[in-house]
Peer 1: 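Before anything else, here's the structure in question.
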Amino acid sequence: MAKRLEREYEHGRHVAEYVDEVPPLGEDRKTIFVPDTDVFKMVELGGRTLGMFLTEILTPLAEKYGDEVWEIGSKAMYEIGQRRAATMQKRMKIDDLSDARCLGRIMDLEDNNAGVRGEWVEWDRKRAVKREYECSQAKAYEKCPQICTVLLEAMEQGTFDALGVKVKKPILRQVLPEGAPYCEVVVELED
């Protein structure tokens with residue numbers, strides 16, 4: 001049985017039907033038919049598209065303008081990290097800012113939303129380490145690993161700074177796009 005979603009808006013109506021197989025376009029040209037795909041597959045497809053999008057834009061910009069691209073991008077991503085911190089803290093119930101694993105819940109939410117899969121291999125109060133074995137963007141980012149090592153690093157730093165937490169840098173110690181066997185995220189509190 002197909003799932004159907006209908007929503008009314010001020011200027012119109014959205015009708016979508018999630019089906020096992022998309023039918024040929026017949027008489028019903030108003031309904032939006034989409035495959036009933038599990039959420040992980042949808043996230044993976046979206047993540048891959050984002051990875052290609054960022055790589056294809058940032059690679060030629062960096063080739064033309066050099067490190068200035070990464071400086072501008074880092075500043076923007078740091079500010080994004082700061083703006084999102086309170087929402088992430090609330091959503092993920094980050095209630096102990098002196099517990100590295102509790103702070104690591106930021107990565108849990110990001111990973112879930114980006115199609116990244118891994119595990120926590122250390123979880124002490126002062127240091128937590130997560131290994132991420134699968135990432136829907138990793139292949140695309142091979143062309144431009146600075147998206148991870150520079151931009152995502154800056155976003156994480158902005159998030160932690162906004163929470164008033166000092167963590168050792170870098171947070172992303174190794175990444176799949178640079179040929180590592182897994183991405184390694186280290187949340188280690190400074191003394």
Side-chain angles (χ1 to χ4, degrees), residues 1-65 68-95 103-118 132 134-144 146-148 150-163 177 183:
M1 175 161 183
K3 292 183 259 179
R4 191 171 173 91
L5 172 67
E6 296 185 36
R7 290 213 174 120
E8 297 291 332
Y9 296 92
E10 181 181 349
H11 299 287
R13 184 171 171 229
H14 170 80
V15 179
E17 195 165 310
Y18 300 87
V19 295
D20 291 331
E21 188 172 321
V22 176
L25 188 60
E27 294 301 315
D28 182 354
R29 293 173 175 262
K30 190 166 177 128
T31 301
I32 300 165
F33 292 97
V34 291
D36 189 11
T37 306
D38 69 67
V39 69
F40 292 112
K41 187 67 175 171
M42 290 171 57
V43 166
E44 180 183 327
L45 292 172
R48 262 201 324 246
T49 301
L50 174 63
M52 291 184 288
F53 175 79
L54 288 173
T55 297
E56 295 305 316
I57 290 173
L58 291 173
T59 300
L61 285 173
E63 287 170 0
K64 183 169 184 175
Y65 298 107
E68 187 176 1
V69 168
W70 304 116
E71 291 167 17
I72 293 167
S74 290
K75 184 177 184 291
M77 294 301 285
Y78 180 88
E79 291 171 5
I80 288 169
Q82 288 190 309
R83 288 196 315 254
R84 74 184 189 150
T87 300
M88 292 188 89
Q89 181 179 20
K90 181 179 178 183
R91 173 157 292 196
M92 294 305 290
K93 296 185 178 17
I94 300 170
D95 55 2
L103 292 165
R105 287 180 164 183
I106 290 167
M107 281 64 181
D108 294 341
L109 181 60
E110 288 174 345
D111 289 355
N112 182 69
N113 293 344
V116 174
R117 293 179 184 81
E132 301 165 334
E134 182 181 343
C135 172
S136 60
Q137 297 96 339
K139 186 72 177 154
Y141 290 170
E142 286 176 3
K143 187 174 177 182
C144 192
Q146 297 93 327
I147 293 170
C148 301
V150 176
L151 300 183
L152 292 178
E153 177 75 20
M155 183 176 68
E156 304 303 359
Q157 195 61 55
T159 303
F160 288 125
D161 286 353
L163 293 174
C183 293

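Just so you know, these numbers come straight off a predicted model, no measurement behind them. Numbering of residues begins at 1 and proceeds along the displayed sequence.
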Peer 1: Nearest 0.5 Å please: distance from the CG atom of L103 over to the CG atom of D108.
Peer 2: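 Here the rounded value is 11.5 Å.
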Peer 1: Compile the donor-acceptor pairs under 3.5 Å between side chains in residues 39-50 and protein atoms, sequence neighbours left out, one pair per line.
Peer 2:
from	atom 1	to	atom 2	distance (Å)
E44	OE2	R48	NH1	3.2
T49	OG1	L45	O	3.0

Peer 1: Measuring only between side-chain heavy atoms, which start at C-beta, is L58 closer than 4.5 Å to V69?
Peer 2: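 Yes, close enough: below the 4.5 Å cut-off.
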Peer 1: Give, for atom SG of C144 and atom CD of E63, the distance between the pair rounded to the nearest 0.5 Å.
Peer 2: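 With rounding to 0.5 Å, SG (C144) is 9.0 Å from CD (E63).
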Peer 1: Out of curiosity, L54 CG to L151 CG, how far, rounded to the nearest 0.5 Å?
Peer 2: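 Nearest 0.5 Å value for the CG-CG distance: 8.0 Å.
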Peer 1: Taking A154's backbone N and O only, do any of them form a donor-acceptor pair with S74's side chain (distance below 3.5 Å, no angle check)?
Peer 2: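 No, S74 side chain to A154 backbone: no donor-acceptor pair under 3.5 Å.
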Peer 1: Name each donor-acceptor pair under 3.5 Å that joins a side chain in residues 75-83 to protein atoms two or more places apart or in another chain, with its distance.
Peer 2:
from	atom 1	to	atom 2	distance (Å)
K75	NZ	E79	OE2	2.9
Y78	OH	D161	OD2	2.6

Peer 1: Please determine which of D95, L163, T159 meets the side chain to side chain contact (heavy atoms under 4.5 Å, CB included) test together with Q89.
Peer 2: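 Among the candidates, only L163 passes.
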Peer 1: What's the spacing between M107 CE and L152 CG if we round to 0.5 Å?
Peer 2: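 It is 9.5 Å, given to the nearest 0.5 Å.
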Peer 1: What pair of heavy atoms forms the shortest contact from M52 to A140, and how long is it?
Peer 2: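 Scanning both residues, the minimum pair turns out to be N-CB, 3.7 Å.
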Peer 1: By salt bridge (charged side-chain N to carboxylate O under 4.0 Å, His left out), which residues pair with E8, not counting sequence neighbours?
Peer 2: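 With neighbours one apart ignored, the set is R13.
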Peer 1: Within the structure provided, determine whether I32 and H14 are in side-chain contact (heavy-atom separation under 4.5 Å).
Peer 2: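 Contact flag for I32/H14 side chains = yes.
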Peer 1: State which residues pass salt bridge (charged side-chain N to carboxylate O under 4.0 Å, His left out) with E17; sequence neighbours excluded, sorted by chain then number.
Peer 2: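 Expected list: R4.
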Peer 1: Going by the rule salt bridge (charged side-chain N to carboxylate O under 4.0 Å, His left out), which residues pair with E110 if we only count those two or more places apart in sequence or in a different chain?
Peer 2: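 Only R84 meet the salt bridge (charged side-chain N to carboxylate O under 4.0 Å, His left out) criterion with E110.
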Peer 1: Got Y65 and I72 here, is their nearest side-chain heavy-atom distance under 4.5 Å?
Peer 2: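 When only atoms from C-beta onward are counted, I72 and Y65 do not touch, as no gap falls below 4.5 Å.
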Peer 1: Between R117 and D111, does any NZ, NE, NH1 or NH2 come within less than 4.0 Å of an OD or OE carboxylate oxygen?
Peer 2: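 Salt bridge absent between D111 and R117.
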Peer 1: Any non-hydrogen side-chain atom of R91 less than 4.5 Å from a side-chain atom of L109?
Peer 2: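 When only atoms from C-beta onward are counted, L109 and R91 do touch, with a gap below 4.5 Å.
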Peer 1: For the atom pair CD (Q146) and OG1 (T55), what is the distance rounded to the nearest 0.5 Å?
Peer 2: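 These two atoms lie 9.5 Å from each other.
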Peer 1: Donor-acceptor pairs under 3.5 Å, side chain of residues 21-29 to any protein atom, not counting sequence neighbours: which ones?
Peer 2:
from	atom 1	to	atom 2	distance (Å)
D28	OD1	K30	N	3.2
D28	OD1	T31	N	3.0
D28	OD1	T31	OG1	3.1
D28	OD2	T31	OG1	2.7
R29	NE	G26	O	3.4

Peer 1: Do P177 and C148 have side-chain heavy atoms sitting under 4.5 Å apart?
Peer 2: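 A side-chain contact under 4.5 Å exists here.
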Peer 1: For K93 and R105, which heavy atoms make the closest approach, and how far apart are they?
Peer 2: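 So the two residues come closest at O-NH1, 3.2 Å.
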Peer 1: Would you say K143 and Y141 make side-chain contact, with heavy atoms under 4.5 Å?
Peer 2: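 They are not in side-chain contact.
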